[in-house]
A.B. asks: 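This is the structure, below, for whatever I ask next.
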Amino acid sequence: MEPSIYVRANARLGEGPLWDPRNGTLYWVDIEGGKLHVTREGKDRTIDAPSMISALGLTEDPDTLIASAGLTLYRYSHTFTPISSIKGEGVRFNDGKCGPEGEFWVGTMDLKEERDVGTLYRFNGEFTPLVDHLIISNGMDWFRNVYYLVDSPRKRVYAFRVRGDELESLGAAVETSDYPGVPDGMVVDSSGLIWVAHYGGGLITVWEAFSRRPVLEIRTPVKIVTSLTFGGPQLNQLFITSSSRAGEDLGGSVFVVDTDYRGREPFICRGFSR
């Protein structure tokens with residue numbers, strides 16, 4: 001499986017890919033460039049967004065998105081409207097997704113990428129902290145009643161059992177210390193395999209939870225790959241975002257891989273469309 005170019009771009013920090021199967025659209029962001037990208041039928045449109053836009057979620061209305069930026073959660077429908085904010089110094093929102101119950105989950109990260117001052121939150125009208133002492137709260141996903149969360153500098157994907165409104169730690173489901181770069185974005189496919197983008201490693205690895213070695217490795221055209229999601233009509237295409245920070249010719253582009261695996265439709269945030 002060899003990645004090819006899906007969108008030729010120069011995003012400073014491409015992130016947050018999100019496929020909407022209702023209209024065949026790939027949404028993604030440039031965090032440092034402050035842009036929302038809307039890619040449909042081979043055409044990529046960029047929209048000015050709030051500073052440090054980092055993550056997106058679908059809502060019941062196909063024309064409305066949820067977006068995190070800085071320390072604020074926004075509703076996007078032609079314009080960005082603030083919904084709610086948290087307070088904090090030296091941190092910002094990073095990766096986030098809509099969860100199985102229709103809430104938006106989003107974590108914060110230390111701007112210096114050193115201190116364990118990051119927190120994972122769940123938002124359903126108000127922010128509820130769930131996990132603290134994170135350095136860079138990053139990629140996340142669910143499979144059945146298990147929630148997975150990346151803390152990049154620790155080079156681990158942590159697993160938690162979802163018990164109502166609480167998370168029970170199950171330890172590290174994936175340990176990437178023997179592989180280049182650090183884990184960044186992640187996605188779980190329909191069989192439960194964990195797909196991890198290695199920032200600075202030019203690599204995608206695929207794992208069974210709590211295994212010692214990946215079942216698959218995919219080399220990428222650029223070193224700084226940031227996140228990934230499944231999409232396409234059959235949900236078997238893997239879309240990969242990247243960064244131009246390293247000055248690579250294709251850095252900041254979005255790549256696509258046709259796989260023999262199948263993803264899942266993203267969860268939808270409910271009650272946010274107006």
A.B. asks: Run through D141, D189, T229 and flag the one making a side chain to side chain donor-acceptor pair (under 3.5 Å) with W195.
C.D. replies: D189
A.B. asks: State whether the number of non-hydrogen atoms from other residues, nucleotides or ligands found under 6.0 Å of Q234 atom CD is greater than 12.
C.D. replies: no
A.B. asks: Which atom pair, heavy atoms only, marks the closest approach of S85 to T72?
C.D. replies: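 Looks like OG-OG1, 2.7 Å.
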A.B. asks: Kindly state each residue pair satisfying salt bridge (Lys or Arg N to Asp or Glu O under 4.0 Å) with at least one member in residues 3-15, sequence neighbours excluded.
C.D. replies: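 Output for this query lists R8-D249, R12-E32.
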A.B. asks: Look up atom CG in D116 and atom CG in L134, then write down how far apart they are to the nearest 0.5 Å.
C.D. replies: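 Taking CG in D116 and CG in L134, the distance rounds to 8.5 Å.
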A.B. asks: So, does S253 use its side chain to make a donor-acceptor pair with the main chain of A9 at under 3.5 Å?
C.D. replies: yes
A.B. asks: Return yes when atom CZ of R115 has more than 12 non-hydrogen atoms of other residues, nucleotides or ligands closer than 6.0 Å, and no otherwise.
C.D. replies: yes
A.B. asks: Quick one: are the ring centres of F104 and F272 less than 6.0 Å apart?
C.D. replies: no
A.B. asks: Anything under 30° is parallel, anything over 60° is perpendicular, the rest tilted; go ahead and classify Y147 against W105.
C.D. replies: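 The rings of Y147 and W105 sit tilted, inter-plane angle from 30° to 60°.
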A.B. asks: Please check if atom CZ in R144 has more than 12 non-hydrogen atoms from other residues, nucleotides or ligands closer than 6.0 Å.
C.D. replies: no
A.B. asks: Tell me whether V206 shares a hydrophobic cluster with Y148, the cluster being built from Ile, Leu, Val, Met, Phe, Trp, Tyr side chains joined at under 4.5 Å.
C.D. replies: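 Looking at the clustering, Y148 is in a separate group from V206.
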A.B. asks: Once rounded to the nearest 0.5 Å, what's the spacing between atom CG of D165 and atom CD of E103?
C.D. replies: 7.5 Å
A.B. asks: Would you kindly confirm whether L216 and M186 end up in one hydrophobic cluster when ILVMFWY residues are joined by side chain heavy atoms under 4.5 Å apart?
C.D. replies: no
A.B. asks: Distance check, rounded to the nearest 0.5 Å: D63 atom CG versus Y76 atom OH?
C.D. replies: 9.5 Å
A.B. asks: Let me confirm one number: the CG-CG distance from D20 to L56, rounded to the nearest 0.5 Å.
C.D. replies: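 Spacing of CG (D20) from CG (L56) equals 11.0 Å.
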A.B. asks: Side chains of R156 and P183: closer than 4.5 Å at any heavy-atom pair?
C.D. replies: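 No; the side chains remain at least 4.5 Å from each other.
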A.B. asks: Going by distance alone, is a donor N or O of one side chain under 3.5 Å from an acceptor N or O of the other, for T39 and D44?
C.D. replies: yes
A.B. asks: Rest of the hydrophobic cluster containing I136 (Ile/Leu/Val/Met/Phe/Trp/Tyr, side-chain heavy atoms under 4.5 Å)?
C.D. replies: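 I136 clusters with M109, I135.
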A.B. asks: If two hydrophobic side chains count as joined below 4.5 Å and joins carry through other members, does V157 share a cluster with F160?
C.D. replies: no
A.B. asks: Could you walk me through whether F230 and T259 pass the side chain to side chain contact (heavy atoms under 4.5 Å, CB included) check?
C.D. replies: CA-CA 10 Å; F230 281 95; T259 77; 3.8 Å; yes
A.B. asks: Taking atom types as modelled, is there a side-chain donor on R40 or T25 under 3.5 Å from an acceptor on the other?
C.D. replies: yes
A.B. asks: Take V187 and R264 through the side chain to side chain contact (heavy atoms under 4.5 Å, CB included) test and state the conclusion after the steps.
C.D. replies: CA-CA 9 Å; V187 67; R264 301 171 296 161; 5.8 Å; no
A.B. asks: Starting from the C-alpha separation in whole Å, work towards a yes-or-no answer on side chain to side chain contact (heavy atoms under 4.5 Å, CB included) for D184 and V225.
C.D. replies: CA-CA 8 Å; D184 195 333; V225 288; over 6 Å; no
A.B. asks: Ring centroid separation for W207 and Y179, is it under 6.0 angstrom?
C.D. replies: yes
A.B. asks: Mind checking the CZ-NE2 spacing from R219 to H198? Nearest 0.5 Å is all I need.
C.D. replies: 9.0 Å
A.B. asks: How many angstroms lie between CG in L36 and CH2 in W28, if you round to the nearest 0.5 Å?
C.D. replies: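 Nearest 0.5 Å value for the CG-CH2 distance: 10.0 Å.
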A.B. asks: Are any of the side-chain heavy atoms of V91 and I86 separated by less than 4.5 Å?
C.D. replies: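 A side-chain contact is absent here, since even the closest heavy-atom pair is not under 4.5 Å.
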A.B. asks: Linking I/L/V/M/F/W/Y whenever any side-chain heavy atoms sit under 4.5 Å apart, do V196 and V215 land together?
C.D. replies: no
A.B. asks: Distance alone, cut at 3.5 Å: any donor-acceptor contact between the side chains of S227 and T241?
C.D. replies: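 There is no such pair (donor and acceptor under 3.5 Å, judged by atom type) between the side chains of S227 and T241.
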A.B. asks: Just by distance, do the side chain of K97 and the backbone of M140 share a donor-acceptor pair under 3.5 Å?
C.D. replies: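 Yes; judged by distance alone, with no hydrogens or angles, the pair exists.
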A.B. asks: Given 3.5 Å as the limit, does a donor-acceptor pair link the side chain of T220 with the main chain of G202, or not?
C.D. replies: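 Yes, the answer is positive, given that a donor and an acceptor are paired below the 3.5 Å cut-off.
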A.B. asks: Quick check against the 3.5 Å criterion: does Q237 have a side-chain atom that pairs as donor or acceptor with the backbone of V256?
C.D. replies: no
A.B. asks: Does K35 come within less than 4.0 Å of D48, counting only side-chain N to carboxylate O?
C.D. replies: yes
A.B. asks: Can you tell me if E101 has over 12 outside heavy atoms packed within less than 6.0 Å of its CD?
C.D. replies: no
A.B. asks: Return the minimal non-hydrogen interatomic distance between S242 and G251, and the atom names on each side.
C.D. replies: OG-C, 3.9 Å
A.B. asks: For a ring-ring contact (aromatic ring centres under 6.0 Å, His included) check, start with the C-alpha distance between F123 and F93, then their side-chain angles and the critical distance, and finish with the verdict.
C.D. replies: CA-CA 13 Å; F123 183 82; F93 283 138; 9.3 Å; no
A.B. asks: Should Y27 and I47 be regarded as members of a common hydrophobic cluster, given that ILVMFWY residues are connected when their side-chain heavy atoms come within less than 4.5 Å of each other, either directly or indirectly?
C.D. replies: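 As far as the 4.5 Å side-chain criterion goes, I47 and Y27 are connected within one cluster.
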A.B. asks: S152 and side chain to side chain donor-acceptor pair (under 3.5 Å): which partner among N94, D95, T176, N138?
C.D. replies: N138
A.B. asks: Give a yes or no on whether the backbone of C269 and the side-chain of T59 come within a donor-acceptor separation of less than 3.5 Å.
C.D. replies: no
A.B. asks: Under a 3.5 Å distance rule, please check whether S190 uses its side chain to pair with a backbone N or O of R262 as donor and acceptor.
C.D. replies: yes
A.B. asks: Measure across L149 and S137 and return the closest heavy-atom pair with its distance rounded to 0.1 Å.
C.D. replies: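 Closest approach of L149 to S137, heavy atoms only: CD1-OG, 3.6 Å.
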A.B. asks: Hey, is the main chain of G271 close enough, under 3.5 Å, to the side chain of E60 for a donor-acceptor pair?
C.D. replies: yes
A.B. asks: Please walk me through it: do R92 and L111 pass side chain to side chain contact (heavy atoms under 4.5 Å, CB included)?
C.D. replies: CA-CA 7 Å; R92 68 164 174 84; L111 292 177; 3.6 Å; yes
A.B. asks: For F239 versus P17, what's the shortest heavy-atom pair and its separation?
C.D. replies: O-CG, 4.4 Å
A.B. asks: Using every non-hydrogen atom in the two residues, find where T226 and L13 come nearest and quote the distance to one decimal.
C.D. replies: CG2-CD1, 4.0 Å
A.B. asks: Which heavy atom of V29 sits nearest to which heavy atom of G16, and what is that distance?
C.D. replies: CG2-N, 4.4 Å
